[in-house]
Amino acid sequence: IQPNSISYSMDGSTLTVNTPSLSVQLNCDKGLAIEQFGFINEKYLFGTLEHGYYKDIEFGADFYSNHTVFQSPGQSIVADLHKIEPQFDTHTNGIIVKAKIELSIGTLDKSIQFFNDTNSVVIKNQFKLNQCYQGAFRTGFITINPESFHKESLYYETSLGGFKPE
């Protein structure tokens with residue numbers, strides 16, 4: 001299922017999807033975590049920074065993109081970094097890569113939609129929880145590639161329901 005201008009291939013656990021303008025690598029051993037997301041033939045903008053990327057021990061962990069973590073007091077941390085088998089669907093203007101991930105707290109249906117004619121993607125995470133849980137639920141992480149930006153000029157802006165950026 002490959003629309004003319006979108007291609008994908010597997011190399012070990014890495015699924016690479018190329019659109020006319022984007023190249024995205026997804027880690028199928030880590031629940032479709034994004035390894036690299038960027039424009040064709042350029043440094044990737046965000047993705048995964050492997051353990052040891054930073055020399056400071058305080059940052060001695062893997063930093064993923066497109067994953068979820070749930071922490072409940074006195075319980076083990078739940079993450080969606082599970083080995084998956086990707087599924088593919090087509091839509092009128094591209095493809096969808098998706099996976100169903102079974103977690104101890106319920107099920108996560110994760111999908112990433114790629115388009116033939118735009119340089120964007122749509123990421124959807126749909127959770128079906130076994131019950132109502134108390135704790136911290138974090139999803140939609142993005143780890144910026146520090147080699148792709150100048151820290152003196154990097155900023156972000158968001159609008160959380162209002163008309164003015166915050």
Side-chain angles (χ1 to χ4, degrees), residues 8 10 12-17 19 22-38 44-54 56-89 91 94-115 118-149 151 154-166:
Y8 59 86
M10 287 289 295
S13 63
T14 301
L15 170 63
T16 301
V17 180
T19 72
L22 296 175
S23 180
V24 180
Q25 293 181 355
L26 305 170
N27 188 334
C28 295
D29 280 350
K30 300 293 182 187
L32 292 179
I34 297 172
E35 288 184 359
Q36 296 185 358
F37 181 104
Y44 71 97
L45 301 173
F46 65 88
T48 298
L49 298 179
E50 301 290 335
H51 178 82
Y53 178 86
Y54 293 108
D56 190 328
I57 192 65
E58 289 187 36
F59 299 108
D62 292 320
F63 293 92
Y64 298 101
S65 289
N66 190 38
H67 71 291
T68 298
V69 176
F70 174 74
Q71 293 176 283
S72 186
Q75 302 295 315
S76 297
I77 294 173
V78 176
D80 68 345
L81 299 171
H82 295 250
K83 186 172 186 165
I84 59 92
E85 205 50 55
Q87 305 296 311
F88 301 90
D89 280 339
H91 60 90
I95 66 167
I96 301 171
V97 179
K98 59 186 183 173
K100 179 180 233 96
I101 303 171
E102 298 294 335
L103 304 170
S104 62
I105 60 172
T107 303
L108 166 58
D109 290 314
K110 185 181 273 193
S111 68
I112 306 171
Q113 186 173 357
F114 296 88
F115 301 91
T118 66
N119 58 358
S120 62
V121 299
V122 173
I123 297 173
K124 292 184 181 178
N125 293 320
Q126 183 177 13
F127 298 91
K128 297 173 188 162
L129 301 178
N130 299 332
Q131 65 184 46
C132 185
Y133 292 94
Q134 183 179 30
F137 190 81
R138 298 178 182 95
T139 192
F141 289 90
I142 297 295
T143 302
I144 293 173
N145 177 5
E147 297 173 20
S148 293
F149 298 93
K151 74 178 183 179
L154 178 64
Y155 76 98
Y156 71 94
E157 181 177 285
T158 185
S159 178
L160 301 173
F163 294 106
K164 294 181 181 177
E166 300 176 26

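As the structure is a computational prediction, the values presented were derived from the model and not from experiment. Computed over heavy atoms, backbone and side chain alike; hydrogens, waters and symmetry mates excluded.
- Asn125 is listed as a side-chain neighbour of Leu108, based on a closest heavy-atom distance under 4.5 Å.
- Taking Gln113 as the reference, His91 meet the side chain to side chain donor-acceptor pair (under 3.5 Å) condition, with sequence neighbours excluded.
- Contact of the Leu49 side chain with the Pro146 side chain is registered, since non-hydrogen atoms from C-beta on lie closer than 4.5 Å.
- Residues in residues 65-78 take part in these side-chain hydrogen bond (donor to acceptor under 3.5 Å, both in side chains) pairs, two or more places apart or across chains: Thr68-Thr139, Gln71-Arg138.
- Under the salt bridge (Lys or Arg N to Asp or Glu O under 4.0 Å) criterion, Lys124 pairs with no residue at all, not counting sequence neighbours.
- Using a 30° and 60° split on the angle between ring planes, Phe46 and Phe37 fall in the parallel class, below 30°.
- Between Phe88 and Tyr8, a ring centre-to-centre spacing shorter than 6.0 Å is recorded.
- Here the shortest heavy-atom pairing between Thr16 and Ser23 reads CG2-OG, 4.2 Å.
- Phe70 and Tyr133 make their closest contact through CZ-CB, 3.4 Å (heavy atoms, listed as atom of the first residue, atom of the second, distance).
- Looking at Phe127 and Ile105, their side chains never come closer than 4.5 Å, going by heavy atoms from C-beta outward.
- Residues satisfying the side chain to side chain donor-acceptor pair (under 3.5 Å) test with Ser148, not counting sequence neighbours, are Asn145.
- Under the 3.5 Å distance criterion, the side-chain polar atoms of Lys110 are left unmatched by any main-chain donor or acceptor of Leu32.
- The CD1 atom of Ile84 lies 12.0 Å from the NZ atom of Lys98; values are rounded to the nearest 0.5 Å.
- Annotation: side chain to side chain donor-acceptor pair (under 3.5 Å) contacts of Glu85 (sequence neighbours excluded): none.
- The distance from the CD1 atom of Ile123 to the CD1 atom of Ile142 is 5.5 Å, given to the nearest 0.5 Å.
- Take Phe149 and apply the side-chain contact (heavy atoms from CB on, under 4.5 Å) test, not counting sequence neighbours, and it matches Leu45, Ile144, Leu154.
- Going from atom CD of Gln126 over to atom OG1 of Thr107 covers 10.0 Å, rounded to the nearest 0.5 Å.
- Gln25 is not listed as a side-chain neighbour of Thr48, based on a closest heavy-atom distance of 4.5 Å or more.
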